[in-house]
Enquirer: 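Before I ask anything, let me first share the structure, which is written out below as structure tokens.
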Number of protein chains: 2
Amino acid sequence: MPRPGNKRYHHGDLRAALIETAAELIAERGLRGFSLAEASRRLGVAVSAPYAHFEDRDDLLAAVAVRAFELIHAALVPPMDEFSEPADRLAAMARAYVRFAAGNRPMFEVLYVSGLDKSRHPEIEAAERPLNEAFEGCVRALADGDDDLAVEMAVAFEATARGHAMLMLDGEAAPDRSAVDVAAERAARATRALVESRSLLAIPSSRGVQK
Amino acid sequence: MPRPGNKRYHHGDLRAALIETAAELIAERGLRGFSLAEASRRLGVAVSAPYAHFEDRDDLLAAVAVRAFELIHAALVPPMDEFSEPADRLAAMARAYVRFAAGNRPMFEVLYVSGLDKSRHPEIEAAERPLNEAFEGCVRALADGDDDLAVEMAVAFEATARGHAMLMLDGEAAPDRSAVDVAAERAARATRALVESRSLLAIPSSRGVQK
DNA sequence: GTCTATATCCCGATAGAC
DNA sequence: GTCTATCGGGATATAGAC
């Protein structure tokens, strides 16, 4: 009953509280240190309570992933918008992407290292879309109307940012400021190099590898 | 006693058998489906037996990672050696790297997605070294004696291969042959683009960012 | 030095009462 | 929607047989 004296706060939105708490737990202890049981304990609810809101552990992780994409979007777009030239905008995004990975490692890992089956969680792809769109704007401006080339460039830029981020993260457990700076600049420079030689990214053979 | 009639094979090398079985299990069920208990069950030994040979689950995973680096080395060097031009060699490595990730996903994940703390398992870094050396040979040939540039190039190439591999892997659960071909060619082309614009990878400011 | 047997604790998940 | 109770499984530690 809703009598006063209950130890922890019950409220109308356990679902939201669980996402919040999961994010905190992952930030504190990493992905491996997170469990439904521990999150329940923090909120003062029974271990079975989360199952009223999430199918299983992965379903909660997927909700955290959706939030992670919102955070990453919020971290990338402002730096990008400081520039008007497409190449500058892409370089700024690459830099911001690497910085985000360094500063929000647990969230980054939820997205890419958690073993989530994204095909079973379409919400995640939906949450990724705004980011991709901001990003494809820059790419199209550099592709001179060649849509196939635009696709190739988009893949190459994303792979570059992600590759540099992961390389940095497994280089050292806790990258210090200068290591992050170096990695971010490397990603930005590689991005500019790809812009410069973008014609080499085009598919040489037949047309229409895919739509 | 070594009397006949024992159910499963006991032998003198439980350690090697565990590494073998762990690799099989991970290949069959993925990283998340692997446990020390299950590996023990397969070998017909007690769940506590592995602890005579490995400190814990991660310690066994680290041994598997060492083997994974041996496999990756064996998969990358022959394709590379089909060419003599450094740019061709690097492109061949990028292609082979992506193909390895597609064809040996579980091994690839043990290396980069298992959450292993590599600083606690120096054997892994040692196992990685031969690969890096083969690879740095190509890079130096393209750096015109500029050692700082060589470092930057090495990082950029590795990030490119890794980024394309990861992008492919989380694009689809089981990439079909043509998806793998496309990803491998993309990695090879991005590599050539970076070779072409490699001067942009150099650090513009002061000398000696690191040794 | 290698393995068995056992015991504890934590986690994920389900069933049924309120 | 939440709780209590419970099940099965895995990680880990220890004691002792060979």
Side-chain angles (χ1 to χ4, degrees), chain A residues 1-22 24-26 28-65 106 110 114-117 120-121, chain B residues 1-22 24-26 28-64 110 114-117 120-121:
Chain A
M1 302 317 150
R3 287 284 89 191
N6 252 339
K7 38 180 76 167
R8 298 264 167 179
Y9 61 114
H10 287 196
H11 37 45
D13 205 351
L14 179 58
R15 183 187 156 89
L18 279 166
I19 296 175
E20 170 94 10
T21 302
E24 287 172 16
L25 260 174
I26 294 170
E28 287 171 27
R29 311 191 191 176
L31 250 180
R32 305 181 88 171
F34 160 75
S35 73
L36 278 185
E38 180 65 22
S40 304
R41 224 171 288 126
R42 284 219 179 178
L43 287 169
V45 300
V47 290
S48 60
Y51 291 91
H53 301 275
F54 299 98
E55 287 212 353
D56 55 23
R57 184 182 188 269
D58 279 9
D59 202 35
L60 172 52
L61 275 183
V64 176
V110 169
S114 63
L116 269 184
D117 183 354
R120 285 183 56 88
H121 298 278
Chain B
M1 298 334 154
R3 289 281 92 192
N6 252 340
K7 36 180 77 167
R8 298 264 166 177
Y9 60 115
H10 288 196
H11 37 47
D13 205 351
L14 179 58
R15 183 186 156 88
L18 279 166
I19 296 175
E20 171 93 12
T21 302
E24 287 172 16
L25 260 174
I26 293 169
E28 287 171 26
R29 310 190 191 177
L31 251 180
R32 304 181 88 170
F34 160 75
S35 73
L36 278 186
E38 180 66 22
S40 305
R41 226 171 286 128
R42 282 222 180 175
L43 287 170
V45 300
V47 291
S48 59
Y51 292 90
H53 303 277
F54 300 98
E55 287 212 352
D56 54 23
R57 183 180 186 270
D58 278 10
D59 201 36
L60 172 51
L61 274 184
V64 176
V110 169
S114 62
L116 269 185
D117 184 354
R120 286 184 55 90
H121 298 276

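Atoms considered below: every heavy atom in the structure, side chains included; atoms not considered: hydrogens, waters and symmetry mates. Residue numbers begin at 1 in each chain, while the letters A, B, ... track the order of the sequences. Since we're looking at a predicted model, the values are computed, not measured.
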Enquirer: Students often get this wrong, so: under 4.0 angstrom with heavy atoms, is Ala52(A) touching a base, only sugar-phosphate, or nothing?
Expert: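 Answer is base: heavy atoms of Ala52(A) come under 4.0 Å of a base.
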Enquirer: In whole angstroms, how far is the P atom of dG1(C) from the CZ atom of Arg15(B)?
Expert: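 In whole Å, dG1(C) P lies 15 Å from Arg15(B) CZ.
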Enquirer: Return the value, rounded to whole Å, for the distance between atom CZ of Arg32(B) and atom P of dG10(D).
Expert: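 In whole Å, dG10(D) P and Arg32(B) CZ are 15 Å from each other.
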Enquirer: Any side-chain N or O of His53(B) below 4.0 angstrom from OP1/OP2 of dG1(C)?
Expert: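 No, His53(B) has no side-chain N/O under 4.0 Å of OP1/OP2 on dG1(C).
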Enquirer: CZ of Arg42(B) versus P of dG10(D): gap in Å, rounded?
Expert: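 It works out to 12 Å between those atoms.
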Enquirer: Would you list the pairs meeting side chain to side chain donor-acceptor pair (under 3.5 Å) in which at least one residue belongs to residues 44-53 of chain A, sequence neighbours left out?
Expert: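 Sorted result for residues 44-53 of chain A: empty, none.
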Enquirer: With Glu20(B), which residues qualify under salt bridge (charged side-chain N to carboxylate O under 4.0 Å, His left out), at least two apart?
Expert: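 Once residues adjacent in sequence are excluded, the partners of Glu20(B) under the salt bridge (charged side-chain N to carboxylate O under 4.0 Å, His left out) criterion are Arg67(B).
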Enquirer: Could you tell me if the side chain of Ile19(A) sits less than 4.5 Å from the side chain of Phe54(A), heavy atoms only?
Expert: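 In contact.
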Enquirer: Salt bridge (charged side-chain N to carboxylate O under 4.0 Å, His left out): which pairs involve residues 28-40 of chain B, sequence neighbours left out?
Expert: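 Qualifying pairs, neighbours excluded: Asp58(A)-Arg32(B), Glu28(B)-Arg42(B), Arg29(B)-Glu38(B), Glu38(B)-Arg41(B).
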Enquirer: Quick one: side-chain contact (heavy atoms from CB on, under 4.5 Å) partners of Asp117(A), sequence neighbours excluded?
Expert: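 Only Ser119(A), Arg120(A) meet the side-chain contact (heavy atoms from CB on, under 4.5 Å) criterion with Asp117(A).
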Enquirer: Please encode protein proximity along nucleotides 10-15 of chain C as a string of B, S and -, counting only heavy-atom distances under 4.0 Å.
Expert: -SSBBB
Enquirer: CG of Asp13(B) versus C1' of dC3(C): gap in Å, rounded?
Expert: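 My rounded result for the distance is 15 Å.
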Enquirer: In this structure, how many angstroms lie between the P atom of dG1(D) and the CG atom of Leu18(A), rounded?
Expert: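 Taking atom P of dG1(D) as the reference, CG of Leu18(A) is at 13 Å.
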Enquirer: Between atom CG in Leu60(B) and atom P in dA11(D), what is the gap in whole Å?
Expert: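 That distance rounds to 10 Å.
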Enquirer: Applying side-chain contact (heavy atoms from CB on, under 4.5 Å), can you list everything that pairs with Ala39(A), at least two apart in sequence or on another chain?
Expert: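 Partners of Ala39(A) under the side-chain contact (heavy atoms from CB on, under 4.5 Å) test: Leu18(A), Thr21(A), Leu25(A), Phe34(A).
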